[in-house]
Each structure stands twice: as C-alpha cells, then as structure tokens.
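Computed from a predicted model, the values in this text were never measured in an experiment.
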Amino acid sequence: FAVTGLRVLRREVESQKISIANGNMLVVGWAQDDPNTPGDILSRPGWQRSQFLQNLAPGGISARYLGWAWITLVYDRWEDDYRHRFANEMKCAHGQAMCDAIGDLRHLRNVVTHSKGIATREHAGRCKLLTEWFTIGHEIMVNVKRISYFDDIISANDTAFYVGRT
C-alpha cells in the first residue's frame, strides 16, 4: 500500500503545472501545521522537484527505505510476538519455532541495520530462500513481487514453520 502511495504522490506532483521559469528548482518539502494558515510555520528541508520525482520513482530511495522498513517490521513482529504464538501451538520452546523465510529476513535485517542495505556474504549470503532479493555488494531492493513471493512461501506451505533445534 505504501508503494502505491508513492506512485500516486509522484503522479500528482508530475501533473501539477509549474508557473516559475525553472520548475526543477521548486523545493518540495513539508511543514508543521497547515501551510495555508497565516502565522509562523515550521518548515523542514525538502527536495528539488526533479529530485523529489526521482526519489519517489520505482526503485528510488523512498521505495528502498519502505522495503527495508518492511523487512525490519516483519522480522521484529515475528520475534516479539508471532514466534511465541507458533511455539505455543507447536508445543516447543520459543527458540525452536522456525521458518526459513523469516530466518532469511533476519539476515536481510542485519544487512539493513549493519551494512546500510548493501548485501554482504556475512549476512545476506546466509539466506536459504530469499536469494533472488539481492546481489552481494549491491543494495537490497524489496518490491511488491518479492513480498508476494515471501507471502506465498509462508502461507502456501504446511512445512514453512517447523520445530528446530536451539
């Protein structure tokens, strides 16, 4: 949904007519409070229009950060909540509830947090299933197709979750 929001916002900005001589110099930013209300508005730094459109493009920095946030969120929700639930259902210790796809997210999360999103052999190289998501030495890119693939792995396979050894 968030990536769709990026597309919609990008199209909206692209469609707006620019009345100044150099439209690419227009800065798109954000401010606290309603910018149409007179008074002191606390503005924040922004991007030039051309940079804004580039950053919101598929594969742009905004999409990359959303993908990285998705990796971190899904893994953290597993570790803090769902893993306990699965362990209870499988009648095993918390650390014995396993899922290789989520284990791969752990490795990719380490890439995001420790290597600025650049896939390393140390972390990404340990993935078992999500190996198409990266090339060693390049940024990890998460997109809708890859999230759907992840969802297919964990929802269409009775053996995706299993009891492992701690």
Separation of Ser62 OG from Arg10 CZ (nearest 0.5 Å) = 10.5 Å
key: Transitive ILVMFWY side-chain link Leu66 to Leu56, under 4.5 Å   = yes
task = Verify the cluster assignment for Tyr75 and Leu73: are they in a single hydrophobic cluster under the rule of side-chain heavy atoms below 4.5 Å apart?
result = no
message = For Ala97, is there any backbone N or O sitting under 3.5 Å from a side-chain donor or acceptor partner on Arg83?
response = yes
ask   = Is the backbone of Glu139 close enough, under 3.5 Å, to the side chain of Arg64 for a donor and an acceptor to pair up by distance?
value = no
request  = Please answer whether the main-chain N or O of Ile61 pairs with a side-chain N or O of Asn55 as donor and acceptor at a distance below 3.5 Å.
outcome  = no
Approximate separation, where rounding is to 0.5 Å, of Leu108 CG and Arg106 CZ = 10.5 Å
hydrophobic_cluster_shared for Met141 and Val74, side chain cutoff 4.5 Å = no
query = So which heavy atom on Leu6 is nearest to which on Ala63, and how close?
reply = CD1-N, 3.7 Å
query = Can you check whether Gln96 reaches Met90 side chain to side chain, under 4.5 Å on heavy atoms?
reply = no
Full working for ring pair (Phe, Tyr, Trp, His ring centres under 6.0 Å) between His107 and His123 = CA-CA 5 Å; His107 299 308; His123 297 297; 7.6 Å; no
message = Quick check for you: to the nearest 0.5 Å, what is the distance between Glu79 atom CD and His84 atom NE2?
response = 6.5 Å
Rounded distance (nearest 0.5 Å) linking atom CE of Met98 with atom SG of Cys92 = 8.5 Å
request  = Search all heavy atoms of Gly125 against all heavy atoms of Ile136 and return the closest pair with its distance.
outcome  = N-CD1, 4.2 Å
query = Is the side chain of Arg77 donor-acceptor paired with the backbone N or O of Tyr82 at a distance under 3.5 Å, no angle test?
reply = no
task = Flag yes if Ile118 and Leu105 sit in one hydrophobic cluster, no otherwise; membership is Ile, Leu, Val, Met, Phe, Trp, Tyr, and two members link when side-chain heavy atoms are under 4.5 Å apart.
result = no
note = Result for side-chain contact (heavy atoms from CB on, under 4.5 Å) between Phe150 and one of Val142, Leu130, Ile71 points to Leu130
task = Considering non-hydrogen atoms only, spot the tightest contact between Ala124 and Phe134 and give its length.
result = O-CZ, 3.1 Å
query = Is there a ring pair (Phe, Tyr, Trp, His ring centres under 6.0 Å) between Trp78 and Phe86 once you walk through the steps?
reply = CA-CA 9 Å; Trp78 162 255; Phe86 274 88; 5.8 Å; yes
message = Would you say Trp133 ends up clustered with Val144 if hydrophobic residues are merged whenever their side chains have heavy atoms under 4.5 Å apart, either directly or through other cluster members?
response = no
task = Take Trp70 and Tyr65, measure what ring pair (Phe, Tyr, Trp, His ring centres under 6.0 Å) needs, and give me the verdict at the end.
result = CA-CA 8 Å; Trp70 181 86; Tyr65 283 178; over 10 Å; no
Arg109 side-chain N/O to Thr72 backbone N/O, donor-acceptor pair under 3.5 Å = no
key: Exam field: side chain Trp68 to backbone Ile140, donor-acceptor pair closer than 3.5 Å   = yes
Expected output: side-chain Asp100 to main-chain Lys128 donor-acceptor under 3.5 Å = no
